[in-house]
Structure formats: C-alpha cells, structure tokens
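Quick notes on the structure that follows.
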Amino acid sequence: MTRHGKNCTAGAVYTYHEKKKDTAASGYGTQSIRLGKDAIKDFDCCCLSLQPCQDPVVTPDGYLYEKQAILEYILHQKLEIAKKMKAYEKQKKVQKSNSQLESKSEERERVERFKTRENSIVSKPINPFTSGQTKGSEKGGTDSSGESSTSAAASSSQSLPSFWIPSLTPEAKPTLIKKPSKAVLCPMSGRPIKMNELITVRFTPLDPSLERVALLTRQDRYVCAVTRDVLGNSVPCAVLRPSGTVVTQECVEKLIKKDMTDPVTGDQLSDRDIIPLQRGGTGFAASGVDLRAKEARPVMQV
C-alpha cells in the first residue's frame, strides 16, 4: 500500500479503513475499542470507587471493595428492594380488590339472568294435535338462531381492531411488577452478598516507614507477607480468611498447602479459607482479562 493509500478516495473498492472511519464519524453501528493499561484498575483498588482502598474488604468470590463504599451500596440496594416490595404489595391489593369486584358483578349478572328466565316462564294449554308442529317450528328456530350466532362469531373473529375509531382502539395493559428478590447482589459477580461475609484484608506495605499518601504515589506499594515478593496485576494473589493476609498464589501452592496453616496466626486452613484475589489485568491479551470494550449503537439498514 502506498503512503496515502488509506485516504485514497478515487479507488473502486470501499476499503475496511474507510468503512471504520465512516462508522466512527456517522454515529451508527457498534463501536469496539481495545483497552490499554491506563483503562484497567490496579489490584488494590476498589471495584466501585476505582480508587486505592484505605479499609479494604474482600468478598468470598475475591472482589476487593472499600468498606465504606460496599456498605453504602448494600444499604442503598436494601432501600430499593423495600420500595419495589411496597409497590408489589400495592399491586397485589389492587388485583385482589379487582377480582372481588369482578366476582360480585358476575354473581349479580347470574342473579339477573335467573330472574329474567323465571319471569319469562308462561304456562300455556297443551294442544295434542299441534304439539309436533310447534316442536318442529321450535327446532327450526333454534337452528336458525344457532346459524346466526355462528356467523356473528365468525364475523367478530375476522374483524380487526381499528386504530382511528376510539371505541375500537386497542388498549395497552399496565405492566405487572414481578416480586423482587430480597437478596442483595454483588455488583461484580452478580451473586448474593451479605455484610457478615466480607473479610477484612491486610496488605503488607513495601516500606512500613512511609505514610499512606507517600505509599500511594509509588507503583510498587505492597509485598507478599511471606516471600516479600512485590504484588501487582501481573502477580496472582490470594487472601487468607483467618488473618486477611495477602500472599502470592505461588506461595500458596509451594508453602501453605503443604501443612494448610496460616503463616501469620497459625490457624488451620481449608480450601474455602484461601480466596483468590480478582486482579485487574496488565493490558496484555494473555492476562486472562477481557480487554475489548463495545458500545452498542443504532444500525442503519438499507
């Protein structure tokens, strides 16, 4: 391709570069972009505020949150669930009252029908010589009435609703509210989360003499509590439930799983007590994180 081949407008072919450029300029079609390292949070940042955690806690699924942020989220979700439950209960009461009114109206109609039938009964003297003719005429009348009712039903079923006559305009029924779930879901994993399941995390700083502000300005902030290896997005980490200590996954595999003992407190560990920490990624495709973001936009079809 020549130097100005991408911007050539005299070609007979609509190139891929021209299509991508026109799509970005038109505002239509799904846009996709590959995320770089600047768009990925660090391993010690909160999943809600995206800021370095001051009082970090971790869920059983390994997602790190600032304690204040996740507690505010849980309380907000509980208030929203209470509002939805109140609206659902109100809808149930309205449906119950409507069903009671419908049942009462049906009973009234049944009583009125019964009264009209009883009032229409008239005793007539039976003539033995004309009984057969009257029966035949009654049968013919019933047949004709049945034919007329079937034809009327067929015509009514074939008639379509009219959108310009007010009496025939179809109406949209109100949307029914489904019963909301009382469980608060984790914003990252989508699984139920509780306050008492949050585990306090204790990072080991690289330089204990530094203050928090000076520590946050450094790229390498924390180390493994056992091996003193520097922690980062490229290093798989794990949290030990009894002590909340953060160690590398290599330390877990080579040292901790041999005797299943917490190196800080000395407590016995189980597989459930070792929580892999969900890290952000490194910007490379092999880090195991989805690095492509998509934005769905309207599509013009010809």
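In this text the structure is predicted, and so the values were computed from the model without any measurement.
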**Prompt:** Hey, what do you get for NZ (K78) to OH (Y73), rounding to the nearest 0.5 Å?
**Reply:** 12.5 Å
**Asked** At what distance, to the nearest 0.5 angstrom, does NZ of K67 lie from OG1 of T200?
**Response** 5.0 Å
**Item:** Name of the residue among D273, L240, T261 meeting side-chain contact (heavy atoms from CB on, under 4.5 Å) with I256
**Value:** L240
**Item:** E253, CD atom: more than 12 neighbouring heavy atoms under 6.0 Å
**Value:** yes
**Asked** Could you walk me through whether R191 and D61 pass the side-chain contact (heavy atoms from CB on, under 4.5 Å) check?
**Response** CA-CA 9 Å; R191 298 177 64 180; D61 295 323; 3.0 Å; yes
**Asked** Would you call D42-R221 a salt bridge at under 4.0 Å N-O?
**Response** yes
**Request:** Taking all non-hydrogen atoms of both residues into account, name the closest pair between T59 and I275 and its distance.
**Result:** O-CG2, 3.8 Å
**Complete:** So SG of C46 and CG of D55: to nearest 0.5 Å the spacing works out to 11.0 Å
**Prompt:** What is the minimum heavy-atom distance between C186 and Y65, and which atoms define it?
**Reply:** SG-OH, 3.1 Å
**Item:** Over 12 foreign heavy atoms within 6.0 Å of CD, Q91
**Value:** yes
**Asked** Could you go step by step and tell me if L185 and Q77 meet the side-chain contact (heavy atoms from CB on, under 4.5 Å) rule?
**Response** CA-CA 8 Å; L185 302 180; Q77 290 299 317; over 6 Å; no
**Request:** Compare every heavy atom of S243 with every heavy atom of D262, then report the nearest pair and how far apart it is.
**Result:** OD2-OG, 2.8 Å
**Prompt:** Say you draw a straight line from CD1 of I177 to NZ of K179; how long is it, rounded to the nearest 0.5 Å?
**Reply:** 14.0 Å
**Complete:** Output for pair (I274 CD1, R241 CZ), nearest 0.5 Å, gives 10.5 Å
**Prompt:** From E112 CD over to S105 OG, what is the distance, rounded to the nearest 0.5 angstrom?
**Reply:** 12.0 Å
**Asked** Checking side-chain contact (heavy atoms from CB on, under 4.5 Å) against L64, which of C45, C237, C53 comes through?
**Response** C53
**Request:** Check E197 against P192 and note the closest heavy-atom contact, atom names and distance.
**Result:** OE1-O, 4.3 Å
**Message:** Can you confirm whether L231 sits close enough to Y222 that some side-chain heavy atom of one is under 4.5 Å from a side-chain heavy atom of the other?
**Reply:** yes
**N233 side chain to F43 backbone, donor-acceptor under 3.5 Å** = yes
**Item:** OH/Y14: more than 12 non-hydrogen atoms of other groups inside 6.0 Å
**Value:** yes
**Asked** Are side-chain heavy atoms of K182 and M85 found at a separation under 4.5 Å?
**Response** yes
